Number of protein chains: 2
Amino acid sequence: MSDMADKILDAAEDRIRAFGFHGFSFRDLASDVGIKSASVHYHFPSKADLGVRVARRYTERFLASLPDPAGTPHNECFDRYRLAFRSAIVDGGRMCMCGMLGAEIDGLPEEVRAEVRTFVDRNIDYLERCLGDRDRAWQMFALLEGAMIAARGSGRPEAFDLATQHLATALTAAAGA
Amino acid sequence: MSDMADKILDAAEDRIRAFGFHGFSFRDLASDVGIKSASVHYHFPSKADLGVRVARRYTERFLASLPDPAGTPHNECFDRYRLAFRSAIVDGGRMCMCGMLGAEIDGLPEEVRAEVRTFVDRNIDYLERCLGDRDRAWQMFALLEGAMIAARGSGRPEAFDLATQHLATALTAAAGA
DNA sequence: GTCTATAATTTGATAGAC
DNA sequence: GTCTATCAAATTATAGAC
């Protein structure tokens with residue numbers, strides 16, 4: 001993977017998280033990284049290819065950034081997970097990329113859809129190991145994705161905390177009990 | 001408001017909820033309702049106009065479909081709210097329109113963004129009257145929007161129930177107490 | 001109100017020179 | 001790897017006939 005390919009993926013990730021998959025063009029990305037759109041196609045032949053690659057990198061990076069539930073107290077484990085979402089929306093104003101792509105799922109190339117499903121499945125598996133319960137994993141995943149929507153839709157980043165703070169505390173307490 | 005304008009708004013609402021604001025064209029809508037794209041522009045001069053009108057109609061209709069919290073037990077009131085979201089995703093596979101637009105907020109015309117904020121604010125007000133607590137209103141709003149994302153992203157409509165069933169029960173019980 | 005026609009721009013994508 | 005040049009199709013939008 002070349003430096004330039006990585007820079008293009010960075011730009012694509014940022015634009016997907018801000019505008020959605022149909023909210024940017026190869027020319028936008030080219031301008032972001034300082035080359036021409038034909039050169040972007042050299043690295044990623046089609047937009048579907050690009051979507052698959054950026055979604056896959058996002059999933060791997062995100063999961064790799066999380067603590068191992070086997071070696072971390074469950075309370076801390078879930079709180080770290082919540083803070084990863086929080087900093088994206090509060091510090092950068094960005095959606096979770098796979099939350100955005102999940103909303104737009106019907107309009108995505110099938111290969112990209114498959115990557116989104118993988119992200120969700122692996123996050124649910126992770127949260128189940130954190131929280132000890134699969135239903136609770138779905139609840140927390142939904143709560144965090146929705147808190148991002150609430151923050152963006154209302155124009156109030158603090159909505160993320162209003163939505164997640166108390167519940168997250170209560171649920172990790174329940175999980176620890 | 002003419003019949004045709006309403007049919008166009010129906011088509012626009014369905015396409016926004018499936019594909020997002022940038023996921024369809026005036027020609028798509030024209031084809032949906034059986035006219036030409038130039039005629040769509042007769043009813044809605046620009047895509048921003050269309051976005052404002054469809055978002056405003058969605059907000060009014062959605063709130064009008066809900067029971068009055070003053071004359072309805074709070075448990076039942078919130079459950080009806082939850083079921084409105086549930087049937088959209090489980091029966092039709094569609095996002096809440098303002099959840100979709102909230103995710104895409106950075107790419108929307110400013111007039112449309114304002115309508116999304118209004119939707120969120122009025123829904124939070126409604127939920128506060130249902131649940132008796134403003135934080136809990138944000139929590140439930142986030143949970144329901146996120147449960148739609150989880151269902152779409154995973155390709156599993158039942159994820160909506162896994163995410164919302166137990167928590168919703170617990171929280172309306174707490175609200176009733 | 002709807003049509004045909006069309007303008008102006010943008011988009012995803014390719015060919016071929018360097 | 002990046003460029004210029006270009007393409008075919010699509011997009012938002014307008015003008016003017018019916």
Side-chain angles (χ1 to χ4, degrees), chain A residues 1-57 97 100-101 104-113 115, chain B residues 1-55 57 100-101 104-113 115:
Chain A
M1 169 75 63
S2 72
D3 275 6
M4 184 52 79
D6 259 327
K7 281 177 66 179
I8 294 167
L9 290 177
D10 290 343
E13 179 176 323
D14 192 58
R15 285 188 176 269
I16 291 173
R17 294 173 70 171
F19 308 120
F21 189 75
H22 300 294
F24 70 97
S25 69
F26 271 55
R27 274 174 182 75
D28 293 326
L29 300 182
S31 153
D32 289 341
V33 304
I35 60 177
K36 298 292 174 179
S37 72
S39 306
V40 178
H41 280 281
Y42 167 80
H43 295 281
F44 304 96
S46 73
K47 203 174 181 180
D49 290 318
L50 174 68
V52 167
R53 297 282 297 281
V54 70
R56 195 169 292 166
R57 190 188 71 161
M97 185 166 65
M100 177 71 86
L101 296 177
E104 295 180 304
I105 199 90
D106 291 319
L108 302 181
E110 171 52 34
E111 317 93 277
V112 180
R113 259 183 258 173
E115 294 298 326
Chain B
M1 170 74 63
S2 71
D3 276 7
M4 185 51 81
D6 259 327
K7 281 176 66 180
I8 294 166
L9 290 177
D10 291 342
E13 180 177 322
D14 191 58
R15 284 189 178 268
I16 290 173
R17 295 173 70 172
F19 309 120
F21 189 75
H22 300 294
F24 71 98
S25 71
F26 272 54
R27 272 177 180 76
D28 292 326
L29 301 183
S31 152
D32 289 342
V33 303
I35 60 177
K36 297 292 175 179
S37 72
S39 306
V40 177
H41 280 281
Y42 167 80
H43 295 281
F44 304 97
S46 73
K47 202 174 182 182
D49 289 318
L50 175 68
V52 167
R53 297 281 297 281
V54 71
R57 190 188 71 161
M100 177 71 86
L101 296 177
E104 295 179 304
I105 199 89
D106 292 319
L108 301 181
E110 171 52 33
E111 318 93 276
V112 180
R113 261 183 257 174
E115 295 297 326

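Values in this document were obtained by computation on a predicted structure and should not be read as measured data. Letters A, B, ... mirror the listed sequences (proteins, then strands); counts begin at 1.
One atom, CG of B/Leu50, and another, C1' of D/dA13, lie 14 Å apart when rounded to the nearest Å. What separates NZ of B/Lys47 from P of D/dA10 is a distance of 15 Å, to the nearest Å. Going from atom CZ of B/Phe44 over to atom P of C/dG1 covers 12 Å, rounded to whole Å. Here the C1' atom of nucleotide D/dG1 and the CG atom of A/Asp3 are 13 Å apart, to the nearest Å. Rounded to whole Å, the distance from CG on B/Asp28 to P on D/dA9 is 17 Å.
Residue contacts shown for B/Phe24 are limited to sugar-phosphate atoms, with no base heavy atom under 4.0 Å away.
In this structure, B/Lys36 does not reach the C/dC3 phosphate: none of its side-chain N or O atoms is under 4.0 Å from OP1 or OP2. When the side-chain nitrogen and oxygen atoms of A/His22 are compared with OP1 and OP2 of C/dT11, none of them lie within a distance under 4.0 Å. Within the 4.0 Å cut-off from OP1 or OP2 of D/dA10, not a single side-chain nitrogen or oxygen of B/Ser25 is found. At the phosphate of C/dC3, OP1 or OP2 sits under 4.0 Å from a side-chain N or O atom of B/Ser39. Under 4.0 angstrom from either OP1 or OP2 of D/dT2 there lies no side-chain N or O belonging to A/Tyr42.
Residue whose closest nucleotide on DNA chain C sits further toward the 5' end, between A/His41 and B/Ile35: B/Ile35.
The listed nucleotides are C/dT2, D/dA5, C/dA13; the one nearest the side chain of A/Arg27 is C/dA13. Nearest nucleotide to the side chain of B/Phe26, out of D/dA15, C/dA13, D/dT12: D/dT12. In the set C/dA5, D/dG1, C/dT2, D/dG1 carries the atom at the smallest distance from any side-chain atom of A/Ser2.
With salt bridges taken as basic N to acidic carboxylate O contacts below 4.0 Å, one links A/Arg57 and A/Asp10.
Taken from CG in A/Asp14 to CE in A/Met97, the straight-line distance is 11.0 Å, to the nearest 0.5 Å.
Of all heavy-atom pairs between B/Glu104 and A/Glu104, the closest is OE2-OE2, 3.5 Å.
Two residues are said to be in side-chain contact when any heavy atoms from C-beta on lie closer than 4.5 Å; B/Ile105 and B/Val112 fail this criterion.
Judged by a 6.0 Å distance limit and a 45° cone about the ring axis, A/Lys47 is positioned over the six-membered ring of A/Phe24.
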